[in-house]
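Here's the structure, in structure tokens; my notes come after.
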Amino acid sequence: VFSDQVYPIVTLTATSTNSIIGCLASNSVVTLSCSVTNTNTSIMWLPNGVTTSTLNATSAGIYTVVVVDPVNGCSVTPQYTVDGGTTPLQNIDAGSSASIGCGNSTDTLNGTAGTNTNVSYSWAGPFVTSIQSGSNSANPIVTDIGTYTLTVTDNLTGCQNTDTIIVSQSNVTASFTATPTSGISPLDVVFTDGSIGATGFNWNFGDSGSSSTQNPNHTFTTGTYTVILTVTSGGCIDTASVVIIVEDGFTLEIPNVFTPNNDGSNDIFTIKSTGVKEISLQVFNRWGQKLYEFAGPKASWDGLTPQGGQVPEGTYFYFVKASGFDDTKIEKNGTVNLFR
């Protein structure tokens, strides 16, 4: 009785030009070859179930070949590990939003490949010349606004993944409202900022007053003022302005005598007023004849007829109607003495 316990001698090799599975067409298949010195053996690849001496592996993993000598029943199960993979790279990040600041011509992007190692970077911008330097690094210097695409490649498998980032132009726009923009002195005005992108505020109220708060109040006396808001953000700056008109309170003062003798003193019958938006004046003689009529913001009479002649000394009658900027209305009538 003879003992036959000779096991098959098997050699596993990768006979393709590549031994790693990847995403590129050139390494999408790894060809494994099983070489057996014994004759009349049976071969089966696991987990594929292929019974030929070669196997085309299309995914990474452990491949086992079962070789059996049918005469003595001895078998061996050598293994071959195919490295690599076809899964796209995970956690590729082109960075958060970026902007080219005012006064600057470039910005630096910050791409990452997560936990992936042995990778290469490639950036593409909105224009061919958009990347000043570092197009094959994680941190390129860019010159244009627009969308930039980061492509990260696994140098072992050729698998890739991409992410994008939008580069904008930093800017600041000044804007504000004033409530109210006109009224009677003293006038308290509330300013409400409506600027975009501003971090610094400088108010010039036009009356030597100023403020650096975002939403100030300011009290104005009689006059016209141009309020200017200057806003900043980094190197960005912009301005906006509003005109504030403040009138005196509504008053009328009507004289009872004037002397149009061209001596430069009290020659004109003038109704002194403040805060008047509109005033009308009519002058009559004692017989009810209208000698003069005027409508406008200021009312006066020089003692002449509509034809330009001088009226004689005497007492004349006036009728005055006036409205103020606060919409108050006043009507007055009376007499004025004219002396030459």
Side-chain angles (χ1 to χ4, degrees), residues 177-191 203-211 216-229 239-340:
T177 57
T179 307
T181 56
S182 64
I184 303 301
S185 177
L187 182 67
D188 187 52
V189 180
V190 177
F191 296 96
W203 298 85
N204 183 336
F205 297 118
D207 60 355
S208 300
S210 62
S211 175
N217 288 20
H218 191 70
T219 301
F220 296 87
T221 56
T222 303
T224 299
Y225 307 91
T226 300
V227 179
I228 300 174
L229 168 63
T239 61
S241 63
V242 165
V243 175
I244 306 295
I245 300 175
V246 184
E247 301 288 345
D248 284 324
F250 187 21
T251 63
L252 289 179
E253 183 180 343
I254 304 175
N256 57 12
V257 63
F258 75 114
T259 57
N261 54 10
N262 297 320
D263 64 354
S265 176
N266 199 26
D267 287 329
I268 305 295
F269 172 62
T270 301
I271 299 177
K272 298 179 181 179
S273 62
T274 60
V276 170
K277 180 168 60 176
E278 185 75 19
I279 187 171
S280 65
L281 168 66
Q282 293 179 327
V283 180
F284 298 84
N285 62 19
R286 67 177 63 186
W287 295 281
Q289 295 173 317
K290 185 188 295 183
L291 302 178
Y292 180 76
E293 185 173 18
F294 173 85
K298 299 291 184 181
S300 62
W301 180 42
D302 56 7
L304 300 178
T305 66
Q307 293 75 30
Q310 292 184 347
V311 300
E313 292 185 348
T315 300
Y316 295 87
F317 301 88
Y318 64 80
F319 291 88
V320 173
K321 292 182 180 181
S323 59
F325 287 98
D326 59 358
D327 293 327
T328 302
K329 299 184 182 299
I330 296 178
E331 294 186 11
K332 289 189 175 184
N333 60 77
T335 60
V336 57
N337 294 309
L338 185 154
F339 299 104
R340 296 191 182 278

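This one's a predicted model, so the numbers in the text were calculated from it and none came from an experiment. Position 1 is the first residue of the sequence, and the numbers go up from there.
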*asked:* Tell me every residue that passes side-chain hydrogen bond (donor to acceptor under 3.5 Å, both in side chains) with T270, counting only those two or more places apart in sequence or in another chain.
replied: none

*Tell me, please, which residues at least two apart from T221 pass side-chain hydrogen bond (donor to acceptor under 3.5 Å, both in side chains).*
Y225

Inter-residue atom distance [X].[atom1] - [Y].[atom2], 0.5 Å rounding:
X    : Y    : atom1 : atom2 : value
F339 : F258 : CZ    : CZ    : 10.5 Å
D302 : D267 : CG    : CG    : 9.5 Å
K321 : E278 : NZ    : CD    : 12.0 Å
L291 : N285 : CG    : CG    : 4.5 Å
D188 : H218 : CG    : NE2   : 9.5 Å
L229 : F191 : CG    : CZ    : 10.0 Å

Does the side chain of [X] reach to within under 4.5 Å of the side chain of [Y], using non-hydrogen atoms?
X    : Y    : answer
Q310 : L304 : yes
F317 : R286 : yes
I279 : L252 : yes
V189 : I244 : yes

Under 3.5 Å, side chain of [X] to main-chain N/O of [Y], donor-acceptor pair present?
X    : Y    : value
N217 : V190 : no
S323 : K329 : no
Y292 : S300 : yes

Contact summary for [X] and [Y], nearest pair of heavy atoms:
X    : Y    : result
I184 : D248 : CD1-O, 3.4 Å
I254 : F269 : CG2-CZ, 3.8 Å
V336 : P255 : CG2-O, 4.0 Å
V276 : S273 : CG2-CB, 3.3 Å

*Is the distance between the ring centroids of Y316 and W301 under 6.0 Å?*
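Yes: the rings meet the under 6.0 Å criterion.
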
*Can S210 and N204 be said to form a side-chain hydrogen bond (donor to acceptor under 3.5 Å, both in side chains), step by step?*
CA-CA 5 Å; S210 62; N204 183 336; over 6 Å; no

*In this structure, which one of L338, T315, N337 forms a side-chain contact (heavy atoms from CB on, under 4.5 Å) with V257?*
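Single pass found, and it is N337.
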
_Classify the ring geometry of F205 against F220: parallel below 30°, tilted from 30° to 60°, perpendicular beyond 60°._
perpendicular

